[in-house]
Amino acid sequence: MLATLFKKPAKFTGGIKLPERKSLSNGAELRIAPLPAQLIHPLGQHIGKAAKACVAVGDRVLRNQPIALGDGLISADVHAASSGTVSAIESRPIAHASGLLAPCIVIDCDQEDEATEPAPHGNDFLSLSSDELRGRIRSAGIVGMGGAAFPAAVKLNARGRAIDTLILNGAECESYITCDDMLARTQADEIIRSIPIFRHILGVPNLPVIVALEDHMQQAIAELRAALEKSGLRRVEIRAVPSIYPEGGEKQLIQTLTGLEVPTGGLPLDIGLVCQNIGTAAAVFRAIVHGEPLTSRIVTVTGEAVQQPGNYEVRLGSKVADIVAAAGGYKVGKPARLIMGGAMMGFALKTDDVPIVKGSNCVLVAAAEEVRPTDSTMPCIRCGECAEVCPASLLPQQLYWHARGDEFDKAKNLNLFDCIECGACAQACPSHIPLVQYYRYAKAEIWAEEREKAKSDAARERHEFRLERVEREEREKLERQKQRQAALAASKKPDAASSSASNGAASDPVKAALAKAAAAKAKASDSGGAMSAIEKAKATAKQRQADAAGTSATAEVAKPASAAAAAIAKAKAAATATDSDESRESALTPAQKAIAAAKLKARKAAGNSAESPTAQHEAVETAQQTPAQLAIEKARAAARQKETSEVASASPAEDKPAKKSLTPAELAILKAKAAVKKSQQPSAPSAESKPAKKSLSPAELAILKAKAAAKKADKELSTPDAASATKSPAQLAIERAKAAAKAAQQGNGE
Amino acid sequence: MSILVAVLALAGLALVFGVILGWSSVRFKVEGDPIVEQIDALLPQTQCGQCTFPGCRPYATAIANGEADINQCPPGGEATIHNLADLLGVEPKPLNPENGVEKDLPMLAIIREDECIGCTKCIQACPVDAILGAAKQMHTVINDECTGCELCVEPCPVDCIDMVPVKTTLENWRWSQPPGPVSLRGPVKEPVTAELK
């Protein structure tokens, strides 16, 4: 590997010779821009997650004070660049090609420039561990200052890989920009003295280091050589590389210096290299040795349309307008375009209100003659110039056609993502096609597609989970219903015995009525008469139909149609079932019909009250006809429960009346009588509930029902032998009734 | 004798191949219909039901069974129709207007929280459980999970749910396609110039 370092310098493929235009700005000395009145610190100045503000509006902050802390691994802290008061934390325009706003912390400077106590620092960094040093770099908010703004601490994590060369990149290849040149001229000492820190962090004491500068930066090279001699460091090489664009690109510089290529989708770390910008190196030195976070940087202000082009030491957060003012302002009538970054990779700003951030290396105030008019695009003549200059050995022309035709898959297969967007192809294009814009567009579309895919996968998962949950809930509901019925069957057995015993005593009129109703029902169902058989068959059919309706409604719930709609469908299905039943039940008395209807509706109302007030309301409309019918319905409900218990237990007490073999006609009469009696009896003792029943609302109905259920359950509990056996199922029933009542009440409350 | 050898040889071969085929039909059994999975993967998963099927998967199943056409998905729009046509080897056709129209921008449901009465109807309607809330409590939409299906809008008794276009942020902002050459596409748009003070 070492041998590769001493080989004749390889050249990266492609590349283009650009007009340098560096003399505009590198002739003047480094000047310090005055402290602005206001600083704007965007929370996201780096690649990765935006930092989180840790100050509030109105707080006084000092220079170097952290005002936002990195969020997650790939993030960086933000520090106040001067003292002042936080006047706002809000969205402001930032330096981004989109011209969108982003959250920023705005500080109104008090011009005192008071700084905090410096963070722990010193020359004894060798006593600290690699992780501690990286932690300090991280808390100093240092990111790659060549423009990419990738958090430096993350890049310095070797992750157990063997590092065999460190490259400090000062090869500033874009036209106009001279800030790294100026940095090397003025802070050569700091750059060289950062080398031991990097070596210590990377855990290789004698790590070979190459400091690369372009061959035209003669003064900077001399300064660095002097600083190197002074420091006495060994195995450090200061190398001049040919000035050819994009020499300063990380991958291109690596290829020039070592002859190695960074694999597709890989990192320099994969081939044992770490590459840092010299600006980052100087910032790391200041953070470790002086305890200063990153709050200022050198920015090139240049172009034909600015009065005094040159390099300025600028506080981060200063507006572009402020530093242009520091450079003497715009030349009258001249500026055609304001560009952040270089002429090749920079982007046009829509306003000069945007702040300078950690990665801003240049503000180019271009005059009309410096920019290419955008309407000069001509059709592609397939000359192939773009492929000649592409530093990534891609096929720019093919990529262009695919991007233009929205064939992103094909562009991706031609390694679109290896494109570094250097713009050499667009520069070489004789038809002035904005090729890089096409690649950016294609990349953005592919990313958007990936985001959408991820989102739709998440939606599918959530939807499937929801379906499963709805199904499970339905199943659990059915199970609970079954459980309740079983519980009632179990508790009804002793209750029936006690009620028949209390029948003679007639202590409780309601109980008596219930018992009578039960007796009537028992007679009807057990008499063995043709009538009862028919009725029984019908009841079964009805039940089946209702179940079927329920099932179809469940299927409908699976549709994303609202649950309410499903409930309505269910109610309607049930109603149809009732209708057909009624037509077939022509032999029955009208009273029975009403009872049957009420019974069904009541069941429906109880079942649906929680989900659908509409269905309940419908049920109530029918059930509401007379208070007497309501009472009948109530009694019938009890009778139904009795029926269930009969089926389950066939209690001998109930068999007694059934033994009287009646004719079908007699049975019908008896039943009707019982029904009428029932309708009168309960109304006598529960006089206070009668007026309430007259103005029935769905909620009240449900409450009434719940009360009845609760009372019944109480009775069951009061039966000594039943209490022990059926306590929990009875309680369950009470709870359910109460819940249903509450739900109905809420539904009604709306 | 030779005929016997031939018969035995053929019978033997038949047996061997029969065993191989029988074994592989068990070993490489395909569970379910993979084409449904493939179709489902192309659908946008908004679960909006505009295709007249209760969700994307039922629609995918219907397409696979030939019961539905490929042009019934308005949220997927043109792109989905093309993808489906590619997958199924049929001609792409324009979106069926009966199912709805393709929206220009992705939408998002927003609950005006001051007006929400906490009825839970939208929660029950949401196919992806993207609405949070409880009875009598204010509800809100989890923006990242909302598919923009609009199913929650209709059930709301107080009409406090709005469909708004998804905001462009730095995360979802995209470069636009540059204008083509002058001679092929006519005049290009004005260049973006700096508005300098």
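Everything numeric in this text was worked out from a predicted model, so none of it was measured. Order of the sequence lines sets the chain letters (A, B, ...), proteins ahead of strands, with each chain counted from 1.
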Query raised in the report: Using non-hydrogen atoms only, which part of B:Asp40 is less than 4.5 Å away from chain A: side chain, backbone, both, or neither?
Result: both
Report task. In plain terms, say whether A:Glu449 and A:Lys453 are close enough for a salt bridge, that is, a side-chain N and a carboxylate O under 4.0 Å apart. Result -> no
Report task. Select one option (side chain, backbone, both, neither) describing which atoms of A:Tyr439 are under 4.5 Å from chain B's heavy atoms. Result -> neither
Query raised in the report: Given that the side chain runs from C-beta out, which part of A:Arg451 has a heavy atom under 4.5 Å from chain B: side chain, backbone, both or neither?
Result: side chain
**Report entry** Residue part contacting chain B, namely of A:Glu452, when any heavy atom lies under 4.5 Å
**Finding:** side chain
Query - Interface moiety of B:Thr120 toward chain A, non-hydrogen atoms closer than 4.5 Å - result: neither
Query - Contact check, side chains of B:Cys156 and B:Lys121, non-hydrogen atoms, under 4.5 Å - result: no
Requested in this report: Tell me, for B:Ala79 versus chain A, whether the close heavy atoms (under 4.5 Å) come from the side chain, the backbone, both or neither.
Outcome: neither
Report summary line: Between A:Arg460 and B:Gln47, the two heavy atoms sitting closest are CA-NE2, 4.1 Å
Query - Contact origin within A:Ala97 toward chain B - heavy atom pairs under 4.5 Å - result: both
Query raised in the report: Where on A:Ile339 is there a heavy atom nearer than 4.5 Å to chain B: the side chain, the backbone, both, or neither?
Result: neither
Query - Heavy-atom side-chain proximity of B:Asn143 to B:Ile110 below 4.5 angstrom - result: yes
Query raised in the report: Is the closest basic N to carboxylate O distance between B:Arg57 and B:Glu37 below 4.0 Å?
Result: yes
Query raised in the report: Using 4.0 Å as the upper bound for N to carboxylate O, is an ion pair formed by A:Arg466 and B:Asp129?
Result: yes
Query raised in the report: Non-hydrogen atoms of chain A under 4.5 Å away: do they reach the side chain of B:Cys149, the backbone, both or neither?
Result: neither
Query - Heavy-atom pair with the smallest gap, counting every atom of A:Val436 and A:Cys425 - result: CG2-SG, 4.4 Å
